Undergrad: 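Pasting a structure here, questions to come.
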Amino acid sequence: MGRLFWLLVIGLVAVATHISFLLFSPSLLYARQLNQQQVAIPTNAFQILGPENQSRLFPLLPSSSIVGVCRFDLAQGAVVLNAAMPSQYWTLTIYGRNGKEFYSLNDTQSGTSTFTVKLTAAKSAVELLTGNGEGDTAPRNLGWSVESSERSGLAVFWVPVSDRLMRASVLAALEKTSCDVEKKPDSL
Amino acid sequence: MRNISIVTVSLGLGVLLGYGSFVYAKDSYGMKSAAGGQGWQEWQLDQKQAMSAYTIAHFLTDGQLPPPANKNKFLFRKRDDAGNLLNGDCVFRLKGIIPPARWWNISLDGDQRDATTPAPQLTADDVVTFADGTAEIVISKYPQAGNWLRPANDSNFTLNLMIAGSTEGDEPPPLPALTRTGC
């Protein structure tokens, strides 16, 4: 009986440890590595990754392709991505701090190569109940609006490039992309 | 005293078992055998799939991000159809129709390749296919006529096939076969 009890304890502790590592360790380890290794990625600014950082962050993406990133932080307010993509296949994927995708788009789905995505923090349960945090709800011609339950994360623009001669023109198109904290309209 | 040591050993064993099973699961359960091709494996990136948590854990614990999943498929294999390890000293022939997609890429990821060296690769725009759409690519360290991929060195390598913007229907098409033709 005693032996069975301790075997049960071992089993329960093992299951709890397994679930804890699965839930918490990946995002903690990733955030630590991102802070330690990729310090070159500024917050709320668009940057095209160099080959080394691209290979480190996305080892499965072909090295010939072009990856642009925006490391967003919604603590200072909404973040607006003004995308200027080349006229070919591309994807935009937005990852939360925990590494999960919560928004994705490609050229066919967007139907346009220049567009805007506004990232806002999702309202908390308290804000929803109290009606606070409604903020500025005035409609604007801003393209897509995405609510993120994560306060920070990474928006990744990926463009495959086969021909080296095309690389310069694709880079020139993608470099026009921007990522900024939304400017508040002047109050009247 | 005896009870304290039993508690300590039980907790320690439980933690070790839990951690060990997590490490094993994140490196094994994030991928599955790809439909339509013997020997091909596929990363489970669709977050609706039960095991995708392990895929995400696999990448994040190495400081990486899972690649964009939207209509993209990431396939790979370490052995040919007969079960031989892929090695830079041997010659392999990849033959078949690449599944319909907006773009695709075939690359070789060697065991000893460092992150700064680009992987040998061919893309949808590089490969010349037969009239029926069949592609034939020879993987060899010596120059070959036609579509040729040269491994970075003589060590073992992984063959990656990335299918971007997949346009396949419900029935997955057959994947290209890989055979060893010489060593």
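The chains referred to below are lettered A, B, ... by the order of the sequence lines, with proteins before strands, and numbering in each begins at 1. Computed from a predicted structure; not experimentally measured.
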Undergrad: Pick one of side chain, backbone, both or neither for A/Gln54, based on which atoms fall under 4.5 Å of a heavy atom in chain B.
TA: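 Nothing of A/Gln54, per the 4.5 Å heavy-atom cut-off to chain B.
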
Undergrad: How far apart are the closest heavy atoms of A/Arg56 and B/Gln64, and which atoms are they?
TA: O-CG, 3.1 Å

Undergrad: Would you mind listing every salt bridge (charged side-chain N to carboxylate O under 4.0 Å, His left out) that reaches into residues 141-162 of chain B, with sequence neighbours excluded?
TA: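 Listed by first then second residue: B/Asp89-B/Lys141, B/Lys141-B/Asp154.
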
Undergrad: Which disulfide (SG to SG under 2.5 Å) pairs, counting each pair once, include a residue from residues 81-111 of chain A, with sequence neighbours left out?
TA: none

Undergrad: Locate the shortest heavy-atom distance separating A/Trp6 from B/Ser10; write the atom from each residue and the value.
TA: CE3-OG, 3.3 Å

Undergrad: A/Ser20 versus chain B, heavy atoms under 4.5 Å apart: side chain, backbone, both or neither?
TA: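 For A/Ser20, neither part sits under 4.5 Å from chain B.
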
Undergrad: Are B/Leu94 and B/Val138 connected in a single hydrophobic cluster, I mean Ile/Leu/Val/Met/Phe/Trp/Tyr linked by side-chain heavy atoms less than 4.5 Å apart?
TA: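 No, B/Val138 and B/Leu94 fall in different hydrophobic clusters.
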
Undergrad: Give the intermediate values and the outcome of side chain to side chain contact (heavy atoms under 4.5 Å, CB included) for residues B/Phe74 and A/Leu61.
TA: CA-CA 9 Å; B/Phe74 294 83; A/Leu61 291 182; 4.0 Å; yes

Undergrad: Using a cut-off of under 4.5 Å on heavy-atom pairs, state which of B/Val9, B/Leu13, B/Leu45, B/Val15 scores highest against chain A.
TA: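 Sorted descending by pairs with chain A, the first entry is B/Val15.
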
Undergrad: Chain B heavy atoms under 4.5 Å from A/Leu154: which part of the residue, side chain, backbone, both or neither?
TA: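 Just the side chain, heavy atoms under 4.5 Å.
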
Undergrad: Atom OG1 in B/Thr61, atom CG in A/Leu29: separation rounded to 0.5 Å?
TA: 6.5 Å

Undergrad: Can B/Ile97 be reached from B/Ile137 by stepping across I, L, V, M, F, W or Y side chains whose heavy atoms are under 4.5 Å apart?
TA: no

Undergrad: Rounded to the nearest 0.5 Å, how far does CG of A/Asn106 lie from CZ of B/Arg102?
TA: 6.5 Å

Undergrad: How many angstroms lie between OG in A/Ser63 and CG in B/Asn105, if you round to the nearest 0.5 Å?
TA: 7.5 Å

Undergrad: Taking all non-hydrogen atoms of both residues into account, name the closest pair between A/Phe58 and B/Leu65 and its distance.
TA: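 Answer, listing the atom of A/Phe58 first, then B/Leu65: CE2-CB, 3.6 Å.
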
Undergrad: Can a donor-acceptor pair be found, under 3.5 Å and without considering hydrogens, that links the side chain of A/Glu101 to the backbone of B/Ala69?
TA: yes

Undergrad: Of the listed residues (B/Ala164, B/Gly20, B/Ser107), which shares the most heavy-atom pairs with chain A below a 4.5 Å separation?
TA: B/Ala164

Undergrad: Would you mind checking which part of B/Phe76 comes under 4.5 Å of any heavy atom in chain A, side chain (CB onward), backbone (N, CA, C, O), both or neither?
TA: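 Neither part, no heavy atoms under 4.5 Å.
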
Undergrad: Evaluate the side-chain proximity of B/Met162 to A/Leu60: yes if any heavy-atom separation is below 4.5 Å, no if none is.
TA: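 Result no, sub-4.5 Å side-chain heavy-atom pair not found.
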
Undergrad: Can you tell me which of B/Asn72, B/Asn160, B/Asp126, B/Leu16 forms the most heavy-atom pairs within a distance under 4.5 Å of chain A?
TA: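 Winner by heavy-atom pair count: B/Asn72.
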
Undergrad: Side-chain heavy atoms nearer than 4.5 Å, only ILVMFWY residues, links allowed to pass through others: does that put A/Val13 and A/Ile19 together?
TA: no

Undergrad: Shared ILVMFWY cluster between B/Leu149 and B/Ile163, side chains joined below 4.5 angstrom?
TA: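 Shared cluster, yes.
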
Undergrad: Could you list which of residues 89-99 of chain A have a heavy atom closer than 4.5 Å to any heavy atom of chain B, in residue-number order?
TA: A/Tyr89, A/Thr91, A/Thr93, A/Tyr95, A/Asn98, A/Gly99

Undergrad: Would A/Tyr103 and A/Val79 show up in the same hydrophobic cluster when neighbours are defined by side-chain heavy atoms closer than 4.5 Å?
TA: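 Yes: a chain of side-chain contacts under 4.5 Å links A/Tyr103 to A/Val79.
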
Undergrad: Among A/Ser27, A/Gly50, A/Ser64, single out the residue with the greatest number of heavy-atom pairs under 4.5 Å to chain B.
TA: A/Ser64

Undergrad: For B/Ala25 and A/His18, which heavy atoms make the closest approach, and how far apart are they?
TA: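 B/Ala25 and A/His18 have their closest heavy atoms at CB-CE1, 4.1 Å.
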
Undergrad: If hydrophobic residues (ILVMFWY) are linked whenever their side-chain heavy atoms come closer than 4.5 Å, directly or via other members, who joins B/Tyr24 in its cluster?
TA: A/Phe21, A/Leu22, B/Tyr19, B/Phe22, B/Val23, B/Tyr29, B/Met51, B/Tyr54

